[in-house]
> 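Structure provided below as structure tokens; questions to follow.
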Amino acid sequence: MWNPSIERLPQRDLEEIQNRKLKALIFYAYEYSPFYRRKFKEIGLNPWDFDGLRDLDRLPFTTKQDLRENYPFGMFSTPLSHIVRFHASSGTTGKPTVVGYTKNDIEVWVECLCRGLVSCGVNSQDIVQISYGYGLFTGGLGFHYAVERIGATVIPTSVGNTRRQIELMRDLHATVICCTPSYMLYMSEVAREMRMEIRETKLRMGIFGAEPWSEETRRRIEDKTGIKAYDVYGTSELGGPLFTECVERNGIHIWSDHYLIEVVDPETGERLNEGERGELVVTTLSKEAFPLIRYRTGDVTFMETDRCACGRTHPRIMRILGRTDDMIIVRGVNVFPSQIEHVIMQVPELGEHYVIILDRKPDGLDEMTVQVELSEKAKIERTTDILELERRVEGLLKEYLNVRAKVEVVNPGTLQRFEGKAKRVIDRRKI
Ligand code: DLL
């Protein structure tokens, strides 16, 4: 373990730390954040009366909208002179959200990711290729600092120039790769075009995240490349890539001495029980520049707190299904793209690349079309066989998810590839 005394700390002691830090955070936010002071005043919350974890429900939520409205510096709690770095989220609509870090914030970020990397088996002997984007996106630099801290070697390739990435992976003997799962799939295709197989390189594991992916995709990546695939989660508002699975691969450990998590009903905001699926809400317990109180991540998951077989006591969140705002509602059925992915990837004749297109028909009804590539290996040429395959996949989607979707199987290599976060849904209903 990277920090065994903390990673194995009994849950009661962790709660005590959380309680103490939460009380301190409320004073800190009241004193230094004009935004939170205003919010607390609005609801009549006096830091002196705040009783830590027991009073958690009294605290207001913070939303992405709050961050946008307070762009660029309205959420900061330290003078700009204390900020050592900015990052910005990729924000699909409107203004980006800008986040800042003090020296200590970067330290906490590095500490969290080091714990995660070591928990899934990265060590100082590893050569780690970082194929997350460097720059305003937190992926590249986030991993960079943590990998160096562990004492492993970094190959800072960032995204793009895929052929060169693969040559470097081979020539510099990379043992670990960090990138989005969709980029890993693309890399394995490009490697084949180069008459190379990833499994012939020294690569042994990959740490994939920044976008939703399914268990089936994990299996596909592992089958195609011969490496072990681990999940990593984080958001720029909370820090960047922060939390990973451990070798047990039974959820992502959230380092609860620095982050307090809850799962709430996205509609009512009510706290849900362990094991119940809802929106992940996070309170930062150590951040200085940009503390967040009950931040609604928009990510849908559920939580487990029982002790993990790895010996770590910190709670785990299970694979993120998607974002509340990415949830597709077609004819009254709610479905996440990752659930569609899970179903189509169980069909051996299909490849890994897919896109979901939403249309509104003239009669006002919504229609969902799933375009998915045929697998390179599938030996189907007859149109009737393709049609039969399409009907079969439509049947599976109906059976597992209760969604009615039109399935169109297209030739391998025809759908768009992604180097960073994949865009899986094209919503033409609003056009
Ligand atoms: O994506 C930070 C990151 C970098 C995480 C590298 C992992 C690896 P943002 O650009 O702010 O930050 O996007 C955060 O991406 O709210 C989720 O919706 C999604 N996301 C991140 N990791 C996962 C994951 C980075 N493992 C948003 N599974 C989050 C599913 C993920 N979704």
Side-chain angles (χ1 to χ4, degrees), residues 62-64 67-68 86-93 95-101 109-110 112-113 116-117 120 122 128-147 158-159 176-184 206-215 217-218 221 229-245 249 251-254 259 261 263 266 277 279-282 284 290 292 295-302 316-327 336-339 341-342 418-425:
T62 310
T63 62
K64 208 162 180 119
L67 269 59
R68 291 209 185 96
F86 288 124
H87 277 289
S89 85
S90 32
T92 40
T93 48
K95 283 183 191 147
T97 43
V98 170
V99 292
Y101 307 75
W109 180 8
V110 172
C112 286
L113 192 54
L117 292 177
C120 61
V122 179
V128 183
Q129 180 159 347
I130 300 178
S131 309
Y132 284 115
Y134 279 64
L136 286 173
F137 178 56
T138 50
L141 283 170
F143 272 93
H144 189 105
Y145 273 56
V147 171
S158 192
V159 280
V176 179
I177 186 150
C178 310
C179 62
T180 57
S182 46
Y183 194 40
M184 186 69 242
I207 305 171
F208 305 119
E211 65 184 9
W213 57 307
S214 63
E215 273 311 302
T217 302
R218 167 155 34 212
I221 291 177
Y230 293 87
D231 199 0
V232 54
Y233 172 77
T235 84
S236 44
E237 299 86 11
L238 301 175
L242 287 161
F243 312 115
T244 70
E245 290 177 314
R249 304 206 290 184
I252 293 174
H253 285 281
I254 304 293
Y259 292 89
I261 56 169
V263 174
R277 185 178 281 166
E279 180 177 353
L280 179 68
V281 170
V282 186
T284 64
F290 202 90
L292 286 170
Y295 178 63
R296 297 191 62 152
T297 61
D299 293 320
V300 176
T301 182
F302 62 94
R316 284 161 293 138
I317 55 164
M318 297 301 144
R319 190 180 278 289
I320 306 275
L321 250 193
R323 299 185 52 75
T324 46
D325 37 16
D326 284 346
M327 189 174 72
F336 287 96
S338 67
Q339 292 175 299
E341 173 179 311
H342 186 73
F418 299 92
E419 294 172 343
K421 293 175 192 266
K423 188 168 166 15
R424 300 292 190 196
V425 181

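Every heavy atom of this structure was used, including side-chain atoms; hydrogens, water molecules and symmetry mates were not. Just follow the structure's listing: the first ligand is 1, and inside any ligand the first atom is 1.
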> Would you please say whether a donor-acceptor pair under 3.5 Å links the side chains of S89 and T97?
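The answer is yes; a qualifying pair exists.
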> Show the atoms of ligand 1 that are less than 4.0 angstrom away from any heavy atom in I320.
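Those of ligand 1 that fall under 4.0 Å from I320 are 28 (N), 30 (C).
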> Between K64 and E237, is there a salt bridge with N-O shorter than 4.0 Å?
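Salt bridge present between E237 and K64.
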> Does the ring centre of F243 sit less than 6.0 Å away from the ring centre of H253?
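No, ring centres 6.0 Å or more apart.
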> Indicate yes or no for a side-chain donor-acceptor contact from Y132 to the backbone of G209 under 3.5 Å, with no hydrogens or angles considered.
yes
> Under a heavy-atom criterion of less than 4.0 Å, does G298 contact ligand 1?
no
> Just to verify, what does W109 make a ring-ring contact (aromatic ring centres under 6.0 Å, His included) with, not counting sequence neighbours?
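Here the qualifying residues are H87, Y101.
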> What part of E211, side chain, backbone, both or neither, has a heavy atom within less than 4.0 angstrom of ligand 1?
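Only the backbone of E211 comes within reach of ligand 1.
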> Under 3.5 Å between some N or O of ligand 1 and some N or O of V232?
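Yes, at least one N or O pair falls under 3.5 Å.
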> Is it true that E279 and R323 make a salt bridge, defined as a side-chain N closer than 4.0 Å to a carboxylate O?
no
> Name the option, out of F137, Y132, F208, that contains the heavy atom nearest to atom 4 (C) of ligand 1.
F137
> Partners of Y183 by ring-ring contact (aromatic ring centres under 6.0 Å, His included), sequence neighbours excluded?
none
> Does any N/O atom on W213 come nearer than 3.5 Å to any N/O atom on ligand 1?
no
> For ligand 1, which atoms, with element, lie under 4.0 Å from some heavy atom of G139?
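Ligand 1 atoms under the 4.0 Å threshold to G139: 4 (C), 6 (C).
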> Given the rule in the side-chain contact (heavy atoms from CB on, under 4.5 Å) test, do I252 and E245 qualify, once you have shown the distances and angles that lead to the verdict?
CA-CA 4 Å; I252 293 174; E245 290 177 314; 3.9 Å; yes
> What atoms of ligand 1 come within less than 4.0 Å of a heavy atom belonging to D299?
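Taking each heavy atom of D299 in turn, ligand 1 has 16 (O), 17 (C), 18 (O), 29 (C) under 4.0 Å.
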> Using a plain distance cutoff, I'd like to know if G240 has any nitrogen or oxygen under 3.5 Å from a nitrogen or oxygen of ligand 1.
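No, G240 has no N/O under 3.5 Å of an N/O on ligand 1.
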> Can you figure out which of K421, H87, E245, E237 has its heavy atom closest to atom 9 (P) of ligand 1?
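The nearest heavy atom belongs to K421.
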> Could you tell me, atom by atom, which parts of ligand 1 come under 4.0 Å of a heavy atom of D231?
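In order of number, 24 (C), 26 (N).
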